[in-house]
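Have a look at the structure below before the remarks.
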Amino acid sequence: MGDRGMPGPDGAGDFRPHSSHWGVFEGAWRDGALQVRPHPADPDPNRILQNFPAALRHRARIAQPMVRRGWLEDGPGADARRGRDEFVPVSWDRALGLLAEELARTPPERIFGGSYGWSSAGRFHHAQSQVHRFLNMALGGYVRSVNSYSAGASNVILPHVVGPMEAMSRRNVTWDAVAEHSEIVLAFGGMALKNSMVAGGGVSRHIERGCMRAAAERGCEFLLVGPLRDDCPAEARAEWLPIIPNTDTALMLALMHGIVAAGKHDRGFLDRCTTGWPAFEDYLLGRRDGQPKDAAWAAPLCGIPAERIAALAARLPGKRVLVTVAHSLQRAEFGEQPVWAGLALACVLGQVGLPGGGYHYALGALGHTGRRSNLVSTAALPQGRNRVGAFIPVARISDMLLNPGAEYDYNGQRLAYPEVDLVYWAGGNPFHHHQDLNRLRDAFRRVRTLVVHEQAWTATARHADIVLPVTLTLEREDIGSSQTDPLMVAMHKLAEPFAEARDDYAIFTDLAARLGKEDAFTEGRGARDWLRNLYDRTALDLRDKGFDAPDFDAFWQAGYLELPQAPDDGGMLRAFREDPEGAPLPTPSGRIEIFSATIAGFGYADCPGHPAWIAPRDVPEDAAPLRLVANQPATRLHSQLDFGGHSQDSKRRGREVAWLHPADAAARGIADGDVIRLFNARGACLAAAELSDGVMPGVVNLPTGAWYDPEDAAEDKPLCVHGNPNVLTRDVGTSRLAQGCTGQLTTVQVERFTGNLPPIRAFDPPGA
Ligand SMILES: Nc1nc2c(c(=O)[nH]1)N[C@H]1C(S)=C(S)[C@@H](COP(=O)(O)OP(=O)(O)OC[C@H]3O[C@@H](n4cnc5c(=O)[nH]c(N)nc54)[C@H](O)[C@@H]3O)O[C@H]1N2
Ligand SMILES: Nc1nc2c(c(=O)[nH]1)N[C@H]1C(S)=C(S)[C@@H](COP(=O)(O)OP(=O)(O)OC[C@H]3O[C@@H](n4cnc5c(=O)[nH]c(N)nc54)[C@H](O)[C@@H]3O)O[C@H]1N2
Ligand SMILES: [Mo]
């Protein structure tokens with residue numbers, strides 16, 4: 001559709017500041033089209049910004065409130081028509097009237113308001129904060145979700161064994177320290193620039209490429225352990241060790257075995273700073289089970305020759321080694337293990353807490369990592385109090401909806417799934433983030449009412465009963481800010497709202513009024529007043545700490561405010577190393593726990609008391625299957641603006657691209673550019689094949705984020721014609737400890753698609 005010469009808020013106008021999770025930028029109208037350019041100080045801007053212009057007025061946008069016909073005519077209730085029913089356009093007054101009635105009759109303990117998702121970067125209009133505040137203030141609460149799809153296993157295991165995830169992933173070794181001090185960076189899962197270019201709340205300067213280049217030029221060696229060669233940028237000049245996915249723990253154990261067998265482990269560090277080494281050493285050396293976890297043992301498991309493992313083990317001791325473990329490794333069956341084993345490996349090498357050495361969980365996974373933190377707190381909308389106690393680990397949503405009342409284990413507790421009638425989503429896309437989408441469809445068909453606020457016709461919106469159109473970030477004012485980026489951004493409005501779209505805040509204000517709770521929700525403030533209020537909290541904090549802070553109007557005029565940052569002090573691990581007694585870690589022993597009595601006490605076979613190799617169950621069984629790596633996409637954030645220009649440019653024949661090794665393609669008669677079908681017991685999708693020797697043999701890589709596009713929505717397991725890998729992934733938790741998402745990996749069959757090529761309809765509004 002494009003924009004038909006709609007002027008900006010001030011006609012043509014100057015470039016004005018705005019921000020997104022993928023970077024701070026400026027926008028202006030030129031010849032009737034929105035132009036965006038990165039923040040002038042950004043040394044390495046993110047091209048995902050170029051998804052904005054074509055997305056703004058795209059046909060995929062939702063124009064007006066819609067109610068599903070079956071829900072409207074037959075009333076709320078379980079309904080197998082969800083996802084293939086018609087929608088009836090209604091006025092805002094009618095939609096909100098119906099919704100307010102439904103909310104008023106549903107007890108808060110039967111409303112699932114987890115509403116997981118990344119929303120947009122502005123801190124006030126952050127949709128997940130808005131929906132939580134609304135449900136708390138207007139209804140008294142909701143069933144919530146805990147942890148994230150990003151780091152479900154780490155969220156739970158890291159606090160038991162070393163400390164809070166934030167301390168491991170955000171306030172730890174900095175990129176500057178890597179550039180200056182690291183001698184070897186052993187990167188499990190790599191440190192792909194596509195990933196570090198994204199940061200929740202925005203990022204003004206993308207520094208990772210430059211720091212990796214500087215480190216490599218100084219002589220630092222980057223070792224990439226992973227199935228894809230491009231998980232480290234060319235600037236890092238990394239040596240690639242292809243590894244069979246979900247076998248890193250075996251390699252880590254074998255490296256530790258080699259180091260210990262050679263007597264090169266740092267006994268002083270292990271004695272002073274860890275607990276439980278002897279029990280783990282017994283396991284490592286095979287004293288109990290008769291199986292030393294040596295290179296010969298690990299080689300067939302991880303697909304790396306024993307000699308190469310032995311050589312690597314010999315190369316590490318005595319060097320300033322930084323071990324990094326990507327989020328991806330734990331988004332898999334038994335994902336707790338590589339996180340813990342990587343930490344143990346760093347302890348064996350004894351570099352933890354030294355500049356540029358030790359352990360950094362998820363360095364480079366996001367633009368929040370490897371940076372200094374601001375000295376003042378960032379803006380955040382207060383959410384009020386949730387009076388409902390029930391929660392689920394976030395990735396257990398289908399389990400909850402399909403098995404209300406069923407019991408399950410989580411982090412030492414025995415919990416039961418609550419019974420939910422109404423599901424409320426604003427700012428997330430479960431048809432992007434969840435696994436086994438056919439099962440999710442079944443789950444969503446069980447509820448009484450599904451409410452979705454969306455900008456565009458995502459599959460989640462298509463499965464909803466009440467669909468409320470919301471503004472794109474460009475269509476409203478906000479404040480962009482993140483704890484790890486010094487730039488606070490006055491996000492100016494760059495376009496008028498699309499059709500009848502309203503801000504989430506305006507929708508919740510209207511609903512709160514209908515429920516008699518407007519004052520509690522708004523505290524008498526309009527959106528601009530809230531921006532002032534949020535800004536003033538940061539300004540006050542600045543002045544308290546002796547810094548200057550302009551008033552709100554001056555900040556707004558200037559567009560940016562540079563916040564002071566804490567020095568690079570090495571964080572919790574440095575303080576602990578320097579004084580283990582005086583600055584103990586927040587674990588039961590105050591040390592790094594290589595054996596955890598707490599975890600052992602839970603008695604989980606799938607997460608024992610020390611890091612261990614547990615053979616994955618999801619392994620190729622049938623003839624000639626491949627391992628699917630369903631990682632983060634390079635050309636967008638998750639599913640956001642998949643209809644934007646940059647994302648669309650990356651598709652072939654309209655489909656998402658799947659990468660295969662030429663040998664695997666040849667064995668299946670697949671040529672570059674062919675449309676292929678990926679399938680397994682859970683479902684099937686199409687994609688366009690691209691061949692590359694940067695993918696290890698036996699692996700197919702289909703990134704996430706292509707909008708789910710079922711060919712025949714009436715079928716049980718419809719073919720997704722566009723390439724959403726979550727029709728293939730498994731909906732099982734990492735272990736009884738964390739119950740985290742395991743969406744990164746599964747096994748699939750791949751064949752050339754020979755049928756008539758079905759059209760892509762994911763971006764067409766559903767027929768009214
Ligand atoms: N197979 C597999 N699955 C995965 C992963 C994987 O590695 N493999 N990774 C997982 C990870 S790490 C994550 S974090 C999740 C991400 O999953 P999500 O965070 O759910 O994905 P997004 O596409 O960012 O969804 C955000 C949605 O919010 C909408 N939105 C944006 N701004 C606003 C707003 O202001 N108001 C409202 N109401 N809506 C808005 C967008 O249109 C979009 O639909 O996916 C997970 N899923
Ligand atoms: N452009 C872009 N950037 C993003 C996002 C996005 O959607 N788009 N999402 C952001 C979010 S929310 C998050 S949480 C982070 C996620 O950060 P990650 O989870 O680390 O990112 P992924 O790209 O899923 O995975 C990184 C790489 O790990 C490798 N890998 C997969 N399985 C294994 C394994 O078993 N062993 C080893 N050694 N390697 C393996 C894959 O080759 C993959 O490319 O990314 C963030 N950055
Ligand atoms: Mo994530």
Side-chain angles (χ1 to χ4, degrees), residues 21-22 46 48 115-122 125-128 130-131 148-152 187-200 224-231 241-249 251 302 325-332 335 338 362 364-367 395 425-435 452-456 458-461 468-473 476 478 503-504 507 616 627-642 695-696 699 701-705 707 724-726 728-729 741-746:
H21 297 306
W22 39 97
N46 191 341
I48 295 180
S115 198
Y116 182 83
W118 264 61
S119 317
S120 287
H125 289 290
H126 183 249
Q128 217 191 122
Q130 291 281 349
V131 68
S148 63
Y149 278 77
S150 316
F188 291 93
M191 300 187 294
L193 291 180
K194 71 172 167 66
N195 289 354
S196 55
M197 290 198 131
V198 162
L224 159 62
V225 181
L228 306 180
R229 189 184 52 207
D230 291 345
D231 282 335
L241 286 98
I243 188 170
I244 296 173
N246 207 6
T247 65
D248 301 76
T249 304
L251 173 61
C302 65
V325 175
H327 282 314
S328 55
L329 272 76
Q330 53 86 66
R331 206 174 300 114
L366 287 153
W425 230 287
N429 184 5
F431 274 87
H432 165 75
H433 63 235
H434 198 59
Q435 286 57 64
V452 173
H453 292 198
E454 254 301 349
Q455 306 161 342
T458 60
T460 305
L468 302 177
V470 299
T471 47
L472 209 65
T473 179
R476 59 197 187 214
D478 214 322
D503 297 346
D504 294 286
I507 298 170
R627 297 184 197 248
L628 172 70
V629 172
N631 59 349
Q632 315 302 309
T635 56
R636 58 190 172 257
L637 172 66
H638 312 136
S639 68
Q640 295 199 32
L641 312 186
D642 187 24
V695 179
M696 73 182 278
V699 163
N701 172 216
L702 178 61
T704 56
W707 283 20
N724 184 328
N726 274 326
L728 303 162
T729 52
C741 159
T742 57
Q744 178 84 190
L745 301 172
T746 192

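Just so you know, ligand 1 is whichever comes first in the structure, and atom 1 is the first atom listed for that ligand.
Among protein heavy atoms, atom 41 (C) of ligand 2 sits closest to Asp231 OD2, 3.3 Å. Looking only at heavy atoms of the protein, atom 7 (O) of ligand 2 is closest to His638 N, 2.8 Å. Of all protein heavy atoms, the one lying nearest to atom 10 (C) of ligand 2 is Leu366 CD2, 3.6 Å. Looking at atom 11 (C) of ligand 1, its nearest protein heavy atom turns out to be Tyr149 CB, 3.7 Å. In terms of protein heavy-atom proximity, atom 45 (O) of ligand 2 is nearest to Ala365 O, 3.1 Å. The protein heavy atom nearest to atom 34 (C) of ligand 2 is Asp248 OD1, 3.5 Å. Asn726 OD1, 2.7 Å is the protein heavy atom nearest to atom 1 (N) of ligand 1. Nearest to atom 25 (O) of ligand 2 among the protein's heavy atoms is Ser328 CB, 3.1 Å. For atom 26 (C) of ligand 1, the closest non-hydrogen atom on the protein side is Gly427 O, 3.4 Å. At the top of the distance list for atom 31 (C) of ligand 1, counting protein heavy atoms only, stands Gln455 NE2, 3.3 Å. Remark: minimum distance from atom 2 (C) of ligand 2 to any protein heavy atom is reached at Pro633 O, 3.1 Å. The protein atom (non-hydrogen) at minimum distance from atom 35 (O) of ligand 1 is Arg476 NH2, 2.8 Å. Atom 23 (O) of ligand 1 has its closest protein heavy atom at Ser639 OG, 2.5 Å. For atom 47 (N) of ligand 2, the closest heavy atom belonging to the protein is Asn195 O, 3.0 Å. Of the protein's non-hydrogen atoms, His433 CB, 3.5 Å is the one closest to atom 46 (C) of ligand 1. Nearest non-hydrogen protein atom to atom 44 (O) of ligand 1 is Glu454 OE2, 2.4 Å.
Residue Thr458 places no N or O, backbone or side chain, under 3.5 Å from any N or O of ligand 1. Between Ser150 and ligand 1, not a single N/O pair is under 3.5 Å apart. Some N or O of Gly743 is nearer than 3.5 Å to an N or O of ligand 1, by distance alone. The shortest N or O to N or O distance between Thr471 and ligand 1 is not under 3.5 Å.
Atom-to-atom distance recorded for Arg627:CZ and Thr247:OG1 is 7.5 Å, nearest 0.5 angstrom. A distance of 4.5 Å separates CG in Asn701 from CG in Asn631, rounded to the nearest 0.5 Å. Distance check: Leu468 CG to Ile507 CD1 gives 5.0 Å after rounding to the nearest 0.5 Å. Interatomic distance, CE of Met191 versus CG of Asp231, reported as 10.5 Å (0.5 Å rounding).
Every atom of ligand 2 with a heavy atom of Asn246 under 4.0 Å away is listed here by number and element: 34 (C), 35 (O). For ligand 2, the atoms lying closer than 4.0 Å to a non-hydrogen atom of Lys194 are 1 (N), 2 (C), 3 (N), 23 (O). Near Leu745, with a cut-off below 4.0 Å to any heavy atom, the atoms of ligand 2 are 32 (N), 35 (O). If you number the atoms of ligand 2 from 1 as listed, the ones under 4.0 Å from a heavy atom of Leu228 come out as 42 (O), 44 (O). Remark: ligand 2 atoms within the under-4.0 Å shell around heavy atoms of Arg331 are 14 (S), 16 (C), 19 (O), 24 (O).
Every heavy atom of Gln128 sits 4.0 Å or more from the atoms of ligand 1. Ser119 counts as a contact of ligand 1, since one of its heavy atoms falls under 4.0 Å from the ligand. Ligand 2 does not have Asn46 within reach: every non-hydrogen atom of the residue lies 4.0 Å or more from it. Using a 4.0 Å heavy-atom cutoff, Tyr116 is listed among the residues neighbouring ligand 1. Ala332 does not count as a contact of ligand 2, since none of its heavy atoms falls under 4.0 Å from the ligand. Heavy atoms of Ala192 stay at 4.0 angstrom or farther from ligand 2. Residue contact annotation: Arg636 has a non-hydrogen atom under 4.0 Å from ligand 2. In this structure, Gln435 counts as a contact residue of ligand 1, since one of its heavy atoms falls inside 4.0 Å of the ligand.
By the criterion of a heavy-atom distance under 4.0 Å, neither the backbone nor the side chain of Thr247 is placed next to ligand 2. Contacts between Gln632 and ligand 1 below 4.0 angstrom, taking non-hydrogen atoms only, involve the side chain exclusively. Neither the backbone nor the side chain of Thr704 comes within 4.0 Å of ligand 2, counting heavy atoms alone. Contacts of Ile243 with ligand 2, taken as heavy-atom pairs under 4.0 Å, involve the side chain alone. At a heavy-atom cutoff of 4.0 Å, ligand 1 is contacted by no atom of His434, backbone or side chain. Both the backbone and the side chain of Leu637 come within contact range of ligand 2, each with a heavy atom under 4.0 Å. Residue contacts with ligand 2 for Val198 involve side-chain atoms from C-beta outward but no N, CA, C or O (heavy atoms, distance under 4.0 Å). By the criterion of a heavy-atom distance under 4.0 Å, both the backbone and the side chain of Asn429 are placed next to ligand 1. Here Trp118 has side-chain heavy atoms under 4.0 Å from ligand 2, and that is the only part of it that gets that close. Contact annotation for Ala630 and ligand 1: heavy atoms of both the backbone and the side chain come within less than 4.0 Å of the ligand.
For Ala326 against Gly190, the heavy-atom pair with the smallest separation is CB-O, 4.3 Å. Contact between Gln128 and Ser115 at its shortest, heavy atoms only, is CG-O, 3.1 Å. Between Met696 and Ile243, the closest heavy-atom pair is SD-O, 3.0 Å.
A donor-acceptor contact shorter than 3.5 Å links the side chain of Asn724 to the backbone of Phe431. In this structure a side-chain-to-backbone donor-acceptor pair under 3.5 Å is present from Lys194 to Gln632. At distances below 3.5 Å, not a single donor-acceptor pair connects side-chain atoms of Arg636 with backbone N or O atoms of Ile48. Side-chain N or O atoms of Arg331 include one that pairs as donor or acceptor with a backbone N or O of Ser150 at under 3.5 Å.
Between His432 and Thr704 the shortest side-chain heavy-atom distance falls below 4.5 Å.
For Ala121, the side-chain contact (heavy atoms from CB on, under 4.5 Å) criterion is met by His21, not counting sequence neighbours. Annotation: ring-ring contact (aromatic ring centres under 6.0 Å, His included) contacts of Phe188 (sequence neighbours excluded): none.
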Determine, step by step, whether His638 and Asn429 satisfy the side-chain contact (heavy atoms from CB on, under 4.5 Å) criterion, reporting the C-alpha distance in whole Å, the side-chain angles of both residues, the deciding distance to 0.1 Å, and the verdict. CA-CA 9 Å; His638 312 136; Asn429 184 5; over 6 Å; no
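Ring geometry, Tyr149 versus His433: the interplanar angle falls from 30° to 60°, so the pair is classed tilted.
Side-chain rings of Trp425 and His453 stay apart, their centers remaining 6.0 Å or farther from each other.
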